[in-house]
Amino acid sequence: MEKVNFQINAKQYSTAKEEKPLLWYLRDDAKLKGTKFGCGKGLCGACTVKVNGEAVRSCQTMLSELSGAKVETIESLGDNHPLFVAWKKYNVPQCGYCQPGQIMSASALLDKNKRPTSEQVSEHMSGNICRCGTYQRISNAIQNAGVNS
Amino acid sequence: MIDITSVSRRDFLKWTALSTSGLILGSVGCTSKNSNITEFSPNLFITIPSSGKIKLVNHRSEMGNGVRTSIIMLLCEELNVSPNDIEIVQATGNSKYGDQNTDGSKSIRLNYERLRVMAAAAREMIETAAATQWGTKRSQLKSENGFVIYNGKKAPYGEFSLEASKLEVPKAPTLKNRSEFKLLEKKIPLIDGHDLAAGKAVFGMDVEVENMVYACLVRCPSVGGKVISHDDTQTLKVAGVIKTIQLSQIPNPVGVQNAIAVIANNTWAAFDGAEKLKVEWDLGDNSKNFKGPYEDYLKDKLKEADKKVHSVGDVDKNRTKKSVKQIYHSPFLVHAPMEPLVATAHVEKKRVKLWTPSQDPQRVRKSVASFLKLPLNKIEVNVTFLGGGFGRKSQADFSLEAVALSQLLEGPVKVVWRREDEIQHGFYHAQAFQEIEATLDSKGVPVTWEHKTVYPTIMSLFIPSSQTPAKWETGMGATSLPYNIPNISVKTAKVKSPVRIGWLRAVCNIQHSFAINCFVDKLARSQGIDPVDYRKLILGRPVKRKTERGPQDTARLISVINQCKNMSGWKDKVIHKKKMGFSAHNSFRSYIAMAVEIEGSSAEDVTVKQVDVVIDCGKFVNKDTIIAQMEGSVVFGIGALFYGKIDVVDGVIQQSNFHDYPVLRHEEMPIVNVQVVISDEEPGGVGEPGVPVIMPALANAITSAFGNEISSFPVKA
């Protein structure tokens, strides 16, 4: 079978070029379990990672599309990343399951705009569901992280 | 070096921890065989080794309720150690810990006192041991951050482990009073906060066991239906699929459904194989007996609501001519925790290991023991982090599926539910129809209150013949009406259901508080009285009464209503024509009032701008967790009122994922302000009681703003 080569968190990976979602490659093959499965249909954002700097739903991103791509997952962020610091300051997580996806979405937003308005945060983050309802804290944390990064 | 044989009192010691939960067994002073570390462990929750970190047990399930932090705070407060300096040990399911069923908003109610007593006793023993060693009295030294301090000397607790383990456990240690609290009633960040944010916490979904296979199940669309035939030709062509295997029903209350399991060597192959599986089903009696929408069946049952379950005074003799009446409808709801259901099991010859995001590991343990006919002590139930629960993960079905498959396959199996499986094979919050009729006196105060409430009972899960709500169900709001009304009757009817009914965050308080709080607003409107003032009018003088689910003190409800009115600037906002709604409810021993401000021009385009919350939950543990739970309840409740709806047609669920079962999203988040009342009353719950308050408050705001009365939800569907 044809191979596809790409990077995950700056490490080179090579695997069969198949119609398998990146999500399950990350979780079951690369053993990077910070990226979560929530809906499998690109509706909830729990599986958000960055591909070439853009936030994508890894459950809808096939391995076959990843030739030469740079994938970044929650594991790529250092423990003292401004988003983690802000997440701690606002004590954001409840159950925590959606949070890695929220943070990767937030990271993609802050890459482009360090001072997003609350409307810009809302719009950008509305693809990421948090059933526990941590949205208010997420908003505050993103704006705080933007200021401090 | 300390030798285990020198520990004189390492025998198991029984003592009562002044608790309602009975005996706590603990070993005092034991040494593991392969080390020279003595462990002082006066009870099951606390271990102070002679060197290394203090180990504290959390026995409740962490699902966003912040309970791991709260339980550890209770222990650390009285132990005088920092939550950052200890190691948390997550308990397996075992009745020796007392109640572990993390449901019913009772983790703090059950543990507030007993864990503090255990921790205070341990600290006193360490202090006594230190005092003896240093030739002084316990009263002369102090303990702080895991150290004993006296006269310029400072030593970690562990140095006194051996001596402390020789002491009697004090039966009535002195607990701190509020002014001495370093942790309790403060805002303490979650101990697991960083691990959760960074994706390092291990959820049920993240469990991996050596040599395990993955299973995705195609379950019968209706409860109790059977497989007629299946074709797995295409399934077996999927790379990674190993085989398909039929799984038989395990009856309620476990409720495993007839299914075909696709077994694979990775999750995606199992999912893909399941998509490609063709199954012909016999949908069974539930489908035949409930033709068409279940809603039609249930609506008719309201007319049959003549079974009186609660009565005060005499409604029939005291009706006035001034009557107000309304019918209310609330749909089936499903939990939709962000982590779909999942469990990993390894059934060995005479031993079972299970890793499950369970709210109720003891129930799982008992169910597994009964299913496999093994003694309880052969079943190990490891509790992972739960990616949300909301009552769904109190059920044992997903854990038992993994056990049953592991038994059939003779190896470890991880069963992973897709979102569609979770939405369509739930234990649903019951659909309900209600009618409330009140007659009023000349001042507009109700003289009679007649409440008919009709919905399938959760008890039908345990006793198939159960057809009317249990007392504890009507006790969630309907028979615990806080208003001072002299003549009350509550009636129900017999109702069956084609789907399983389960607990969902706040349970029957959802429908009852919705109807009651909307109806109180309707009465207020009929009298031209402000809804907040009207609530106070009909609450009248404060009363303390016994209800089905505990004591009720309406002074506390009146107080949160007054505080919420002030906090929200209600009067001023009403004068300035802001679109406002109000509600107040007592459940799970807590009292909550909410004021909601909305924007928009109709029910369809309404958005929630701000919610002001006042909660009196008695004595509490982590202030920030209470605030977070109120924020979360507001989000959960708005989502349900706007969009929540599960349709059952021919016994089959019609929704499948977040596109047709929407929940609240970020852009719809209001500003939420929370005020927590400082109180000396016994602890109340916080995880659930906010939900039944936000829903009618929002409905009342919409009714009041746009004129069309909201008596049914979802309002945006």
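Every chain is numbered from 1, with letters handed out A, B, ... down the list of sequences. Here the structure is a predicted model, which means the values were calculated and not measured.
- Both the backbone and the side chain of B/M205 come within less than 4.5 Å of a heavy atom in chain A.
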Subject >> Working for side chain to side chain contact (heavy atoms under 4.5 Å, CB included), residues A/Q94 and B/L196 >> reply: CA-CA 8 Å; A/Q94 287 188 29; B/L196 293 167; over 6 Å; no
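- Nearest approach of A/G38 to B/P340, heavy atoms of both residues: O-CG, 3.7 Å.
- If you tally non-hydrogen atom pairs under 4.5 Å between each of A/C39, A/G127, A/P100 and chain B, the highest count goes to A/C39.
- In this structure, B/H659 NE2 and A/C44 SG are separated by 13.5 Å, a value rounded to the nearest 0.5 Å.
- With a 6.0 Å radius and a threshold of 12 heavy atoms from other residues, nucleotides or ligands, B/K187 has its NZ atom at or below the threshold.
- The most heavy-atom pairs under 4.5 Å with chain B, out of A/P21, A/G101, A/G40, come from A/P21.
- Contact of A/F37 with chain B is made through backbone and side chain together, with heavy-atom distances under 4.5 Å.
- Heavy-atom pairs under 4.5 Å with chain A peak, among B/V634, B/N265, B/D272, B/I671, at B/I671.
- Nearest approach of B/V635 to A/Y135, heavy atoms of both residues: CG1-CE1, 4.0 Å.
- Around CD of A/E18, the count of heavy atoms belonging to other residues, nucleotides or ligands within 6.0 Å exceeds 12.
- Applying the 6.0 Å contact sphere to NZ of A/K11 captures no more than 12 heavy atoms from other residues, nucleotides or ligands.
- Ranked by non-hydrogen atom pairs under 4.5 Å with chain A, the options B/P662, B/G388, B/A269, B/A198 are led by B/A198.
- What you find for A/R137 and B/I627 is that their closest heavy atoms are NH2-CG2, 3.5 Å.
- Taking each heavy atom of A/W87 and B/A197 in turn, the nearest pair found is CD1-CB, 3.8 Å.
- B/L386 and A/C95 get closest at one heavy-atom pair: O-CB, 3.5 Å.
- If you tally non-hydrogen atom pairs under 4.5 Å between each of B/A201, B/G66, B/G193, B/A336 and chain A, the highest count goes to B/A336.
- For the pair A/W24/B/Y214, no side-chain contact is recorded, criterion being any heavy-atom separation below 4.5 Å from C-beta on.
- In plain terms, the two heavy atoms of B/M338 and A/Y97 that are nearest each other are O-CE2, 3.3 Å.
- Taking chain A as the reference chain and counting heavy-atom pairs below 4.5 Å, the highest number among B/V416, B/D195, B/D624 is found for B/D624.
- The most heavy-atom pairs under 4.5 Å with chain A, out of B/E668, B/M63, B/E208, come from B/E208.
- Distance check: A/E19 CD to B/W268 CH2 gives 9.5 Å after rounding to the nearest 0.5 Å.
- The CG atom of A/N91 sits 9.5 Å away from the CD1 atom of B/I188 when rounded to the nearest 0.5 Å.
- A distance of 8.0 Å separates NE2 in B/H194 from CG in A/N80, rounded to the nearest 0.5 Å.
- Counting only heavy atoms from C-beta outward, the side chains of A/K41 and B/E420 approach each other to under 4.5 Å.
- The main-chain N or O of A/Q136 is never found under 3.5 Å from a side-chain atom of B/E631 such that the two would form a donor-acceptor pair.
- Checked against B/D206 for a salt bridge (Lys or Arg N to Asp or Glu O under 4.0 Å), the options A/K33, A/K36, A/K31 give a single hit: A/K36.
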**OP:** List the steps and the verdict of side chain to side chain contact (heavy atoms under 4.5 Å, CB included) for A/I129 and B/R665.
**Re:** CA-CA 6 Å; A/I129 294 174; B/R665 287 182 182 268; 3.5 Å; yes
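- Taken from CD in A/E75 to NZ in B/K200, the straight-line distance is 9.0 Å, to the nearest 0.5 Å.
- The structure places CZ of A/R131 at 8.5 Å from CZ of B/R505, a figure rounded to the nearest 0.5 Å.
- Side chains of B/H666 and A/N128: no donor on one and acceptor on the other come within 3.5 Å.
- Looking at A/S118, there are no atoms closer than 4.5 Å to chain B (heavy atoms on both sides), in backbone or side chain.
- Of all the listed residues (A/G96, A/G133, A/S126, A/G34), the one sharing the greatest number of non-hydrogen pairs under 4.5 Å with chain B is A/S126.
- Chain A forms more heavy-atom pairs under 4.5 Å with one residue of B/D192, B/V202, B/N266, B/I423 than with any other, namely B/N266.
- The contact between B/F203 and chain A is made entirely by side chain atoms (from C-beta outward), counting heavy-atom distances below 4.5 Å.
- When the shell of 6.0 Å around CD of A/Q12 is examined, it contains more than 12 heavy atoms from other residues, nucleotides or ligands.
- Proximity to chain B involves both the backbone and the side chain of A/D79, based on heavy atoms less than 4.5 angstrom apart.
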